Amino acid sequence: MTLKLILFASLFCASHSFATPVKENQKIKVKIDVKKHTLANGLTILLHEDKSAPLVSYHTWFRVGSKDEEIGYTGIAHLFEHMMFKGAKRYDGKTFDRLLAANGASHNAFTTRDFTAYHATLPSHKLELIIDLESDRMANLQISEANLKSEREVVKEERRYRVEDSPMGLLSEATYSTVFRQHPYRWPIIGWMADLDRITVEKCREFFTKYYSPSNAVIVVAGDFASDEALRLIQKYYNGIPSHPFVAKKLPEEPPQTSMRQRNVSKQVQNESISIAFKTVPAGHPDYYDLDILAGVFGEGSSSRLYKKLVYDQQVASAVGVQHSGAMGPGVFQVLMQLKPGGSHDQALQTAYSQMWDLRNKLVTPKEMEKARNQVMRNYVDALRTVNGKAMALAYNEIVLGSYEFLFKDLDHYFNVTAESLRKVAAKYLNTNQRNLIVVARFAPTAPAPQEPEAKKDE
Amino acid sequence: MNKWLFVLLIPVLFSCTTADHKTTVPEGVTTLHKANPKKLRPYSEHTLSNGLRVLLIKDDSLPLIGFHMLVKSGYTRDQAGAWGTSQMVAALLEKGTQKRNATQIADDLAQIGADFSAAADADMTYLSATGLSLHREKVLENFVEIITKPSFQDVEIERLRKQILARQTQAVDNASQFASQAFQEYLYGAHPYGRQPMGKKQDVAKIKKAQIIRFYLENVRPNNSILAVVGDYPDQILIQLENALKAWRSRRVKTLEYGKADPIQGVKFRLVHKADLNQAQIRMGHEGISRANEDFLTLRLANIILGQGFSSRLVDQVRDNLGLTYHISSDLEAMLNTGGFEISTFTRNDKASEAINEILKVYKKFVSEGVTSAEVENAKGFLQGGFGRALETAERLAYNLLLLRSYGISDSYLTDFEDNVDRISAADVNRVIKTYFRPEHMKVLVFSNQSLVRPLLKQWEPIEVKSPSDLL
């Protein structure tokens with residue numbers, strides 16, 4: 001019952017900037033009215049009325065993710081997310097699913113390194129139903145041995161599907177475990193297989209008590225409802241849920257990386273997949289917006305630098321992309337290249353490194369900056385097309401950045417990026433000593449792994 | 001195969017929409033009707049002087065504009081020995097026009113925050129450009145040039161040919177997608193719906209430029225297409241379209257009839273072998289119905305009970321009770337001439353046989369015992385409650401209206417949806433279950449490691465074993 005959220009930040013990032021001041025008539029304006037409340041038990045509530053369709057999107061996000069797990073119990077945040085669908089006091093798991101289905105709700109959940117989100121979109125006259133269901137499991141989750149036993153197997157199947165039989169899943173997992181050596185971002189959100197077997201009912205109950213307190217949650221409601229009525233209903237169902245004192249543990253800091261790292265993952269694949277990754281900064285950091293813009297200029301779409309070189313001109317790769325993750329902890333700037341079967345490893349790396357050299361040493365052109373501005377605006381608007389998209393955007397900003405209001409400041413941050421600031425940020429983060437190279441390919445056990453070539457002008 | 005078919009087709013009450021009453025209609029353009037149905041957003045429909053039907057759906061809540069065109073020809077029109085032509089035509093449109101090359105087009109679109117997408121499906125090809133309404137004239141200009149003035153340059157054809165051949169090889173590593181693709185071919189056999197959208201390698205390697213141009217000229221025509229303009233468009237949009245598209249001429253388009261696929265007798269089993277898979281991808285199913293079949297809606301209700309959503313019978317037993325999988329669903333694929341019914345899941349290799357047997361148990365019981373009134377009422381709620389979401393945005397309404405037109409189905413499917421669902425009884429659902437679901441006559445495909453899985457499947461012998469390369 002989960003879609004692991006991987007690229008949320010790309011809703012707000014993955015784009016570009018400009019060097020010259022932006023004229024007001026070249027900017028878009030999107031207004032979203034939000035009312036914020038906090039209950040006595042610490043539960044945060046954001047309400048956004050949108051009457052354009054008779055729908056309501058109801059999100060409950062908890063400030064707990066895989067970063068909060070203990071060694072030996074990786075994957076518990078995500079497995080626990082599955083357990084949240086197995087029943088509470090008023091509604092057992094099957095009734096929960098049946099009621100939502102019988103009312104046409106689209107509902108699901110996902111776990112990230114930083115947070116866990118539960119969401120449903122349903123007809124607006126069913127608002128009280130979802131409040132009733134969600135408050136029941138926040139207050140009274142029931143966890144049984146039988147449910148844990150079957151759900152553990154479900155999650156193991158999910159891991160086989162998303163990671164073990166997926167070259168891109170393997171690449172992503174190996175990227176994070178290479179970039180991070182101390183920080184909890186180093187282990188996979190879905191957890192290691194052996195750890196999944198170790199998680200007990202008692203561990204799940206501890207996890208629930210510790211992290212699923214109303215004071216550690218944010219509810220966002222977007223759609224066709226009256227705020228006063230929604231607040232009254234939320235108070236009715238949630239006021240009685242006690243809050244547990246919670247002190248977030250201090251996470252170990254990831255020490256600076258001082259030399260290149262390389263990791264090879266062997267899989268019987270038809271082609272080589274490569275990730276070149278760099279540790280960066282948390283979402284909202286002053287350099288964060290530049291890194292997003294760099295990702296866009298470098299690798300967003302068929303007009304990007306990397307696509308033109310590797311896919312179009314050299315025809316070495318079948319797909320390329322550059323992404324920058326937006327997390328509460330350090331971000332990851334990742335260059336992804338899917339080579340064609342037989343495509344040259346050396347040529348792909350030399351081209352990518354050479355382009356990174358350009359980003360560190362040359363200014364992005366005014367035309368690229370203008371393109372960046374338009375693509376930022378397009379991505380921003382695309383994320384807000386539905387009530388679910390709006391709720392997600394508000395929840396993400398409230399949880400990751402500390403306030404939903406950051407959503408309305410995003411465009412200005414991106415518009416303040418200049419060609420010069422891009423060059424400085426590229427030089428600061430995308431340099432050789434901080435580089436991680438991860439390759440998924442057919443590596444013969446005795447054969448030497450491919451060596452990392454250097455672009456001529458790179459050193 | 002046809003991703004648009006699964007867009008939920010359901011109605012909704014929109015309380016706050018803007019009627020499109022300001023649009024200027026120029027000479028030469030015929031207005032078919034303006035609809036302001038109480039359950040849908042307002043829309044109007046026109047025919048340009050070149051024969052192109054145009055739907056206008058206004059929505060200025062966000063600064064976006066989209067041009068979405070459905071061409072009523074897909075890969076079923078590829079010639080024998082040239083499967084994959086339609087997909088190449090779609091992909092080549094933005095790779096060069098009489099005025100600009102591929103890079104210039106990519107740059108010009110990105111420069112204004114716009115994009116173009118094109119994909120050929122079995123019965124139709126979908127061409128779409130979306131961008132910020134800040135640059136609406138440029139989005140239109142790009143869309144029109146790309147669809148009406150493609151140059152199909154040799155260098156781009158060769159580049160694309162290599163790209164497709166590479167992707168076909170790589171497809172094997174996406175186990176779920178490859179299994180679904182392989183099952184389509186297995187299920188439909190020699191019927192045109194059994195073709196691979198990207199074609200076979202041997203065909204793609206030799207498709208000629210003349211075949212590409214011919215497909216384009218014979219199919220991408222105004223009288224064979226429907227355009228939906230969605231979003232924040234100007235009042236002069238019809239004048240702009242008429243001027244921009246008047247040189248694009250209609251042409252007679254052949255009518256094709258395929259009929260049904262060959263019937264399946266008994267349970268047939270195919271195993272596609274890949275040594276490094278940890279899971280067995282399982283697909284099983286049989287022929288279904290065409291979209292125009294009058295039992296479509298009733299059959300959808302039946303299928304919801306069997307395999308849609310988190311409370312279906314298949315999810316309840318195979319995932320929730322037994323923990324055998326992360327995902328299981330049953331899907332109806334109703335297309336122009338016929339359709340398919342498919343159950344799909346995956347499980348670890350040593351559980352493949354158990355999963356197949358459990359699925360069959362659930363499926364056979366579903367057919368032999370039928371469903372209850374309570375289940376039917378819940379399924380109705382599932383459909384009716386999901387209606388608002390299915391048409392939440394103007395773009396989603398456009399998809400639905402385009403699809404209905406391509407299948408020759410009235411818009412009353414949307415406007416009367418809730419009433420029509422209400423009228424369906426449990427007896428109706430049980431009748432279609434008996435009529436269309438056939439657990440005794442199915443095809444089963446497993447994509448996995450043969451040496452681990454085949455010994456567990458002895459009861460299904462003789463099993464036909466294939467290598468992925470046989471299917472490319």
Side-chain angles (χ1 to χ4, degrees), chain A residues 1 26 28 30 51-55 85 93-94 97-98 100-107 121-123 126 149-158 160-161 164-167 224 267-271 301-303 308 312 315 318 338 340-341 367 370-371 374-375 377-378 381 384-387, chain B residues 12-16 61-64 102-103 106-107 109-115 131-132 134-135 159 162-163 166-167 169-170 172-173 175-176 275-279 309-311 316 319-327 346-348 377-378 381-389 391-393:
Chain A
M1 186 116 8
Q26 292 175 332
I28 54 156
V30 177
K51 311 282 188 190
S52 60
L55 293 171
F85 291 85
K94 290 185 193 298
D97 282 335
R98 183 178 51 75
L100 285 173
N103 286 287
S106 160
H107 73 107
T121 301
L122 68 173
K126 294 293 176 184
K149 187 180 171 193
S150 68
E151 210 55 33
R152 188 202 319 278
E153 295 308 313
V154 170
V155 170
K156 285 159 78 173
E157 288 305 330
E158 185 180 355
R160 290 184 188 102
Y161 172 70
E164 292 170 14
D165 276 353
S166 164
D224 177 24
K267 178 84 178 162
Q268 295 303 301
V269 286
Q270 316 305 311
N271 64 291
S302 55
S303 174
K308 283 180 185 168
Y312 192 78
Q315 302 183 57
S318 54
Q338 260 192 313
K340 285 183 173 174
K367 198 169 179 191
E370 186 194 344
K371 179 164 71 176
N374 281 318
Q375 291 192 320
M377 290 194 289
R378 171 67 194 280
V381 173
L384 302 174
R385 286 186 188 212
T386 61
V387 285
Chain B
V12 72
L13 290 161
F14 279 94
S15 56
C16 182
S61 62
L62 286 173
L64 285 172
T103 304
D107 283 344
L109 284 169
Q111 201 65 36
I112 56 171
D115 53 42
L132 296 166
L134 205 60
H135 305 291
R159 197 190 309 273
K162 288 178 197 160
Q163 183 76 347
R167 282 191 201 150
T169 303
Q170 291 169 313
V172 176
D173 287 336
S176 176
D276 69 330
L277 290 177
N278 296 289
Q279 281 179 322
F310 288 124
S311 63
D316 184 59
R319 175 180 152 143
D320 288 350
N321 294 344
L322 300 173
L324 285 171
T325 189
Y326 170 65
H327 168 87
F346 49 81
T347 191
R348 65 191 219 220
E377 290 310 306
N378 283 343
F382 183 95
L383 271 186
Q384 291 173 328
F387 196 40
R389 231 176 30 256
L391 300 182
E392 180 182 357
T393 63

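Quantities reported herein were computed from a predicted structural model and do not represent experimental measurements. Each chain gets a letter, A, B and so on, in the order its sequence line appears, and its residues count up from 1. Values below: every heavy atom of this structure, side chains too, minus hydrogens, waters and symmetry copies.
Ion pairing between E392(B) and R389(B) fails under the 4.0 Å rule for side-chain N and carboxylate O. Comment: R348(B) engages E153(A) in a salt bridge, judged by a side-chain N to carboxylate O separation of less than 4.0 angstrom. A salt bridge does not link E151(A) with K156(A): none of the charged nitrogens is closer than 4.0 Å to a carboxylate oxygen.
When each of A166(B), A114(B), S176(B), A110(B) is scored by its heavy-atom pairs under 4.5 Å with chain A, the top score falls to A110(B). Comparing E164(A), K340(A), R98(A) by how many heavy-atom pairs each has under 4.5 Å with chain B, the most go to K340(A). Among the candidates A105(A), P167(A), G104(A), A101(A), the residue making the largest number of heavy-atom pairs closer than 4.5 Å to chain B is G104(A). In terms of heavy-atom pairs under 4.5 Å with chain B, the best-connected choice from Q268(A), R160(A), Q338(A) is R160(A). By number of non-hydrogen pairs under 4.5 angstrom with chain A, the leading residue of N378(B), D276(B), D173(B) is D173(B).
Counting heavy atoms from C-beta outward, H327(B) and R319(B) have side chains that stay 4.5 Å or more apart. Residues D165(A) and K267(A) form a side-chain contact, since some pair of their non-hydrogen atoms from C-beta on lies under 4.5 Å apart. Annotation: side chain of Q163(B) is in contact with side chain of S318(A) (closest heavy-atom distance under 4.5 Å).
For L324(B), the part sitting under 4.5 Å from any heavy atom of chain A is the backbone (N, CA, C, O) and nothing else. Only the side chain of Q315(A) has a heavy atom closer than 4.5 Å to any heavy atom of chain B. For N271(A), the parts lying near chain B are the backbone and the side chain together; criterion is any non-hydrogen pair under 4.5 Å. For chain B, the nearby part of K308(A) is the side chain; its heavy atoms alone come within less than 4.5 Å. For chain B, the nearby parts of V387(A) are the backbone and the side chain; heavy atoms of each come within less than 4.5 Å. If you measure heavy-atom distances from L64(B) to chain A, the contacts under 4.5 Å come from the side chain alone. Interface residue T347(B): backbone and side-chain heavy atoms are both found under 4.5 Å from chain A.
For R385(A) against R378(A), the heavy-atom pair with the smallest separation is NH2-NH2, 3.9 Å. Across all non-hydrogen atoms, the minimal contact from Y312(A) to A102(B) is OH-CB, 3.5 Å.
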